[in-house]
**Q** 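One structure, pasted below without further comment.
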Protein chains: 2
Amino acid sequence: MMELTRKGEYAIRGIVYLAGKPIDKVCLLSDIAAAVDVPPTFLAKIFQQFSKMGLVKSFRGTGGGFMLGRAPENITLLEVVEAVEGPIIPNRCVVTPSDCGRSDFCNVHPVWKRVQGGVRGVLEGVTLKELSAGK
Amino acid sequence: MMELTRKGEYAIRGIVYLAGKPIDKVCLLSDIAAAVDVPPTFLAKIFQQFSKMGLVKSFRGTGGGFMLGRAPENITLLEVVEAVEGPIIPNRCVVTPSDCGRSDFCNVHPVWKRVQGGVRGVLEGVTLKELSAGK
DNA sequence: CACTAAAAAGACTTTTTCTATCTTTTTAGG
DNA sequence: CCTAAAAAGATAGAAAAAGTCTTTTTAGTG
C-alpha cells in the first residue's frame, strides 16, 4: 500500500534531471524523456502540471522547452510529489472527518494525522538540489 | 496519494469492533458488518485474510463466528493494515532497487526508505487496545 | 442421520483509477 | 508563412479496487 504511481515516479525523474542542469538551460521535453526513460507524451502531461504550479517554466515554439522554475535548493520533494499526485492523504477521514460518520468516536483518526505529518515531514526535508547531486 | 483503500478502512473498523468485545466472545460476521457499516460479503473476505494471519480465530457452523486471535494490546495497527493491504511500500524501488535500473545513482531511494520506516513506526506504535478504548 | 447455521473458497461483475497515446490548438522564432 | 515546440483535450487499453454470487466445507442440533 501507499505506493507512488508511475506518474509520480516519472515526475521525480524528470524534474531531478532538470535540477541537474544549469538553472537557465532550456531543455527539450523529448530530450528529458529520453534521458530519464519515460514516455514523452506522458511526461508532457506531467510537465504541464509542473508548469501550472510554477515548479518549471515552459517556452513554446522554436527554441522552446523547459527549465526549473526556482533554484533547486528551494524546491522540495513534497512539492514535486504533491504537484502530480495531489496531497498526501493516508486516509480520507484526514481530509473530511465527516466521511467516516463517526469521527468524534474514532481513535484511528489521529493516527492517520501522524502518518500524514511524518510523510510530509520527510519529503519536505529533501530538496531537488540534494537529489540531483552526484555521488 | 498514499491512500488507504476501502478494504483497509473496513478491515480496521471490523477488527477494532472485535477488540472492543470481551476477548472470548464469538461474534457473527453479519453482526460485525452491520455494526461497522460494511458490506457483509466484502467483510467476509477481509476476515478470511485475518484468520489466515492469526489475527482472528474463526469458528464454522452453528454458533460460529469470529473472535480476536490475540489480546488487543498485542495486535498493532501495522499488522492489521499489512494483513489486508500488503507491505508498506512508498515506492517499488524500496523493495526491488533493480526496478528503477539505476539504483546505484538514485538519491531518492533512501528518502523512500525513511518514509517507509516512518509510516511503519507510527502504525506499529498503536495497538487495537488503544483504538478500541472508549473516550 | 438429516437439517440448519455459519464460515471458506472461488468465480465473476462492475466501477474506478492508472497509464498511455493521438489529435488539434496555441505560441513563438526564422 | 513555415516550422518547432508546448498546451489542451479526447480517447483507449490495462490494471486494480470494490463488491456480489454461488458452491463447498464444517459444525452443532433435534
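Below, chain A is the first sequence line, B the second, and so on; all start at residue 1. On a predicted model such as this, the values are computed, not experimentally measured, just so you know.
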**Q** Applying a 4.0 Å non-hydrogen cut-off, can you work out what A:Phe47 is touching in the nucleic acid: base, sugar-phosphate, or nothing?
**A**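 A:Phe47: no heavy atom of the nucleic acid under 4.0 Å.
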
**Q** Describe the nucleic acid contact of A:Ser30 in one word from base, sugar-phosphate, nothing, applying a heavy-atom distance below 4.0 Å.
**A**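 Counting heavy atoms under 4.0 Å across all strands, no contact is made by A:Ser30.
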
**Q** Any side-chain N or O of B:Ser51 below 4.0 angstrom from OP1/OP2 of C:dA8?
**A**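 Answer yes for this pair, as a side-chain N or O of B:Ser51 is under 4.0 Å from OP1 or OP2.
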
**Q** Side chains of B:Trp112 and A:Val122, heavy atoms from C-beta outward: is any pair under 4.5 Å?
**A**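 The answer is no, as the side chains (C-beta and beyond) never meet within the 4.5 Å cut-off.
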
**Q** Atom CD1 of A:Ile32 to atom C1' of D:dA6: distance rounded to whole Å?
**A**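 About 11 Å, once rounded to whole Å.
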
**Q** Whole-Å distance between D:dA8 P and A:Leu43 CG?
**A**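 Distance, rounded to whole Å: 16 Å.
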
**Q** If only side-chain N and O atoms count, and only distance matters, is there a donor-acceptor pair under 3.5 Å linking A:Thr127 with A:Glu130?
**A**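 Distance-only check passes for A:Glu130 and A:Thr127.
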
**Q** Examine the side chains of A:Glu9 and B:Asn91 and answer whether a donor and an acceptor come within less than 3.5 Å of each other.
**A**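 On atom types as modelled, these side chains qualify, holding a pair under 3.5 Å.
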
**Q** B:Phe66 CZ to C:dA5 C1': how many Å, rounded?
**A**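 Atom-to-atom, B:Phe66 to C:dA5, this comes out as 13 Å.
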
**Q** Expressed in angstrom and rounded to an integer, what is the separation of A:Asp31 atom CG from D:dA4 atom P?
**A**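 From A:Asp31 CG to D:dA4 P: 15 Å.
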
**Q** Reckon A:Lys57 touches a base, only the sugar-phosphate, or nothing at all at heavy-atom distances under 4.0 Å?
**A**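 Nothing, no nucleic acid heavy atom in range.
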
**Q** Atom CG of B:Leu28 and atom P of D:dG28: how far apart are they, to the nearest Å?
**A**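 Result: 15 Å.
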
**Q** Base contacts versus sugar-phosphate-only contacts with protein, heavy atoms under 4.0 Å: please encode nucleotides 10-26 of chain D as B, S and - from 5' to 3'.
**A** --------SSB----BB

**Q** I need the CG-C1' distance between A:Leu29 and D:dA6, as an integer number of Å.
**A**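 Whole-Å distance recorded here is 8 Å.
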
**Q** Thinking salt bridges, do B:Arg92 and A:Glu3 make one under a 4.0 Å N-O criterion?
**A**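 The answer is yes: the pair qualifies as a salt bridge.
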
**Q** For B:Lys52, enumerate each residue passing the side-chain contact (heavy atoms from CB on, under 4.5 Å) test, keeping only those at least two apart in sequence or located in another chain.
**A**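 By the side-chain contact (heavy atoms from CB on, under 4.5 Å) rule, B:Lys52 matches no residue at all.
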
**Q** Is there a side-chain contact between A:Phe66 and A:Lys57 in this structure, where contact means two heavy atoms from C-beta onward sitting under 4.5 Å apart?
**A**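 Answer no - side chains too far apart.
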
**Q** In whole angstroms, how far is the P atom of C:dA20 from the CD atom of A:Gln48?
**A**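 One finds 16 Å between P of C:dA20 and CD of A:Gln48, rounded.
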
**Q** Is the distance from OP1 or OP2 of D:dA7 to the nearest side-chain N or O of A:Ser58 less than 4.0 Å?
**A**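 True: A:Ser58 side-chain N/O within range (under 4.0 Å) of D:dA7 OP1/OP2.
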
**Q** What is the distance, to the nearest angstrom, from the CG atom on A:Asp37 to the P atom on C:dT19?
**A**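 Roughly 15 Å, once rounded to whole Å.
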
**Q** Under the salt bridge (charged side-chain N to carboxylate O under 4.0 Å, His left out) rule, collect the residues that match up with A:Arg60, sequence neighbours excluded.
**A**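 By the salt bridge (charged side-chain N to carboxylate O under 4.0 Å, His left out) rule, A:Arg60 matches no residue at all.
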
